[in-house]
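For reference, the structure discussed in these notes is given below.
Each chain gets a letter, A, B and so on, in the order its sequence line appears, and its residues count up from 1.
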Protein chains: 2
Amino acid sequence: MKVLTKKTDYAIRALLMLGAKRGSYVSVRSIAVEQDMPYQFLRGVLQEMIRHGLIVSKEGVQGGFMLAKEPDEIGVKQLIEIFQGTVQVSECMFRKQLCANRSRCVLRHEIMRIEQVVSDEFEQVTIGKLLRKLNAASNLMPALTDGEKPDSTILKEE
Amino acid sequence: MKVLTKKTDYAIRALLMLGAKRGSYVSVRSIAVEQDMPYQFLRGVLQEMIRHGLIVSKEGVQGGFMLAKEPDEIGVKQLIEIFQGTVQVSECMFRKQLCANRSRCVLRHEIMRIEQVVSDEFEQVTIGKLLRKLNAASNLMPALTDGEKPDSTILKEE
DNA sequence: CTTAATTGATATAAATATAGTATCAGTTAG
DNA sequence: CTAACTGATACTATATTTATATCAATTAAG
Ligand code: FES
Ligand code: FES
């Protein structure tokens with residue numbers, strides 16, 4: 001069971017890079033290269049985030065993307081919703097005769113409770129939070145802060 | 001974002017029926033008809049549960065399936081794992097240069113924490129628990145307890 | 001004022017996962 | 001013997017995810 005799809009995964013990572021380089025425009029190409037993500041695919045992801053007002057862009061040479069909100073205002077929950085749709089544990093499980101009285105259905109109740117827990121959990125995780133954790137351990141994540149490229153041997157290149 | 005697939009959904013509902021009729025063998029056909037699930041597909045789901053020791057079967061006329069464990073011992077988490085694979089929020093997000101030191105990676109840490117929360121949440125929900133809730137509200141779920149068949153017109157037969 | 005580096009927009013294809021169907025052989029109660 | 005069952009497995013269809021490809025518009029820099 002995979003909770004985050006590539007789009008969400010890429011979105012988070014791209015946002016972390018934008019967060020690490022706040023104030024300047026960062027090109028898709030540079031993100032794609034540094035994080036080893038497919039260029040065109042990533043572009044689509046970023047454009048989607050523009051539509052949702054998470055980032056802004058500037059066209060042309062020296063153009064790129066920049067955060068449009070505070071990192072703490074961007075939660076993973078929102079990203080999941082953008083790229084994977086609303087968190088829903090299941091549709092109505094007993095959609096036939098059993099669901100005559102949906103609003104009081106106990107199964108539905110249990111399901112919605114879990115949905116809430118999962119949802120809350122993801123909401124707490126913001127780009128800001130992740131950035132702070134990264135900074136606190138920046139020695140482990142060099143590529144987000146400078147251009148160093150250690151250990152490129154594990155890589156499968158595209 | 002859909003957390004439960006059809007297989008898991010069907011599995012839960014089938015187990016609830018087996019739980020409601022404990023002690024006797026219940027045929028796939030009767031479950032499929034009563035719950036409006038595709039017959040052959042459901043068979044596959046039940047066979048998978050046999051392989052995992054959740055239920056037992058008896059062949060031939062009057063055959064069918066029966067729970068092999070206490071309802072409280074069957075958690076939705078296990079069902080998810082059987083039909084959708086282990087709960088994993090994401091693979092290693094930064095599989096390139098950033099992950100030189102995986103064991104201490106803060107992102108990975110955060111990810112695994114959420115995995116645990118989600119996982120725990122589903123583990124708590126057992127077939128037994130759901131059954132008790134159903135019994136407490138059995139008036140809302142007639143088909144699980146008796147043979148009533150209201151509203152059979154919506155059915156698409158195979 | 002041309003060029004190369006960029007984003008905007010959109011169409012399409014490839015890969016994978018999910019959902020559903022079909023069939024044949026073996027078992028068993030009646 | 002037969003009809004109601006499961007065991008096993010191969011197959012098809014649909015949906016979703018992932019990735020690529022193009023062309024137009026914008027802009028900094030020489
Ligand atoms: S699961 Fe549909 S109302 Fe109960
Ligand atoms: S996400 Fe891979 S080790 Fe950090």
Side-chain angles (χ1 to χ4, degrees), chain A residues 1-11 13-14 18 24-33 35-52 55-66 68 79-80 82-86 88 90-91 95 156-158, chain B residues 1-11 13-14 18 24-33 35-52 54-66 68 79-80 82-86 88 90-91 95 155-158:
Chain A
M1 178 201 171
K2 193 173 52 180
V3 176
L4 302 186
T5 62
K6 293 288 181 187
K7 279 189 179 176
T8 312
D9 172 316
Y10 294 163
R13 289 157 64 185
L18 297 189
S24 58
Y25 287 101
V26 181
S27 76
V28 175
R29 187 113 253 158
S30 69
I31 298 174
V33 168
Q35 297 285 340
D36 192 21
M37 305 187 252
Y39 174 67
Q40 295 293 356
F41 193 60
L42 180 58
R43 285 187 60 195
V45 168
L46 293 201
Q47 294 203 356
E48 190 74 28
M49 289 199 281
I50 287 218
R51 280 178 222 123
H52 284 84
I55 57 182
V56 290
S57 65
K58 184 183 147 195
E59 286 180 86
V61 178
Q62 304 279 2
F65 297 84
M66 199 187 274
L79 298 173
I80 290 177
I82 291 173
F83 295 109
Q84 304 173 225
T86 312
Q88 62 174 151
S90 169
E91 298 171 356
R95 57 209 172 297
K156 297 156 230 158
E157 287 298 353
E158 65 219 294
Chain B
M1 179 198 171
K2 193 173 53 181
V3 176
L4 301 186
T5 62
K6 292 288 182 188
K7 280 189 178 175
T8 311
D9 172 316
Y10 294 163
R13 290 157 62 185
L18 298 189
S24 59
Y25 287 101
V26 182
S27 76
V28 176
R29 187 113 252 159
S30 68
I31 299 174
V33 168
Q35 297 286 340
D36 193 20
M37 306 187 252
Y39 174 66
Q40 295 293 356
F41 194 61
L42 180 58
R43 286 187 61 193
V45 168
L46 293 201
Q47 295 203 356
E48 190 74 28
M49 290 200 279
I50 286 220
R51 281 177 220 121
H52 285 84
L54 298 182
I55 57 182
V56 290
S57 65
K58 185 182 146 195
E59 285 180 87
V61 179
Q62 303 278 3
F65 297 84
M66 198 188 275
L79 297 173
I80 290 177
I82 290 172
F83 294 108
Q84 304 173 226
T86 310
Q88 58 173 154
S90 168
E91 295 172 0
R95 58 208 172 295
L155 265 192
K156 300 155 228 155
E157 285 302 348
E158 64 227 279

Practice prompt. State which of D:dG7, C:dT7, C:dA19 makes the closest approach to the side chain of B:Phe65.
Written response: D:dG7
Worksheet item: Rounded to whole angstrom units, what separation is found between the CZ atom of A:Arg13 and the C1' atom of D:dT18?
Response: 14 Å
Discussion item. Without decimals, in angstroms, what is the distance between A:Phe41 CZ and C:dG8 C1'?
Written reply: 18 Å
Response to the item:
B/S/- along nucleotides 21-30 of chain D (protein heavy atoms under 4.0 Å) is BB--BBBBS-
Response to the item:
Separation between NZ (A:Lys2) and CD (B:Gln84), nearest 0.5 Å, reads 12.5 Å
Worksheet item: Taking side chain as C-beta onward, heavy atoms only, is A:Met1 less than 4.5 Å from B:Val3?
Response: yes
Worksheet entry | Rounded distance in Å - NZ (A:Lys6) to P (D:dT20) | 12 Å
Discussion item. Heavy-atom nearest nucleotide on DNA chain D for B:Val28 versus A:Phe83: which residue maps closer to 5'?
Written reply: B:Val28
Discussion item. Any side-chain N or O of B:Lys2 below 4.0 angstrom from OP1/OP2 of D:dT17?
Written reply: no
Practice prompt. Taking the side chain as every heavy atom from C-beta outward, state whether B:Val56 and B:Ile50 have any pair of such atoms under 4.5 Å apart.
Written response: no
Item to complete: May I ask you to verify if any side-chain N or O of B:Thr5 is less than 4.0 angstrom from the OP1 or OP2 atom of C:dA19?
Response: yes
Discussion item. Looking at A:Tyr10, I'd like to know whether one of its side-chain N or O atoms comes within less than 4.0 Å of OP1 or OP2 on D:dA19.
Written reply: yes
Discussion item. Can you measure A:Met66 atom CE to C:dT7 atom P for me and round it to whole angstrom units?
Written reply: 12 Å
Response to the item:
dist B:Ile82:CD1 -> B:His52:NE2 (nearest 0.5 Å) comes out at 4.5 Å
Item to complete: Take the protein atom CZ of B:Arg29 and the nucleotide atom C1' of D:dG7, then report the distance between them rounded to whole Å.
Response: 16 Å
Item to complete: Identify whether any heavy atom of A:Gly64 sits under 4.0 Å from a base atom; if not, whether one sits that close to sugar-phosphate; answer base, sugar-phosphate or nothing.
Response: sugar-phosphate
Practice prompt. Figure out the CD/C1' separation between A:Glu48 and D:dT18, and round it to whole Å.
Written response: 15 Å
Worksheet item: From the list D:dT20, D:dT18, C:dG8, which nucleotide is the closest neighbour of the side chain of A:Pro38?
Response: D:dT20
Worksheet item: Out of C:dG20, D:dT6, C:dT6, which nucleotide sits closest to the side chain of B:Tyr39?
Response: D:dT6
Fill in: Side-chain heavy atoms of A:Leu79 within contact of A:Met49, under 4.5 Å
yes
Discussion item. I'd like to check the side-chain contact (heavy atoms from CB on, under 4.5 Å) partners of B:Thr86; sequence neighbours left out, ordered by chain and number.
Written reply: B:Glu81
Item to complete: Send over the distance from A:Leu4 CG to D:dT18 C1', rounded to a whole Å.
Response: 15 Å
Worksheet item: Between CG of B:Leu54 and CE of B:Met66, what distance do you get to the nearest 0.5 Å?
Response: 15.0 Å
Discussion item. Less than 4.0 angstrom between a side-chain N/O of B:Ser27 and OP1 or OP2 of D:dT6, yes or no?
Written reply: no
Discussion item. Once ring pair (Phe, Tyr, Trp, His ring centres under 6.0 Å) is applied, do any residues pair with B:Phe41, and if so which ones, sequence neighbours excluded?
Written reply: B:Tyr10
Worksheet item: Between A:Ser57 and C:dG8, is there a side-chain N or O to OP1/OP2 distance below 4.0 Å?
Response: yes
Worksheet item: Base, sugar-phosphate, or nothing for A:Leu46, non-hydrogen atoms under 4.0 angstrom?
Response: nothing
Worksheet, complete the sentence: Here the distance between atom C1' of C:dG20 and atom NZ of B:Lys7, to the nearest Å, is 10 Å
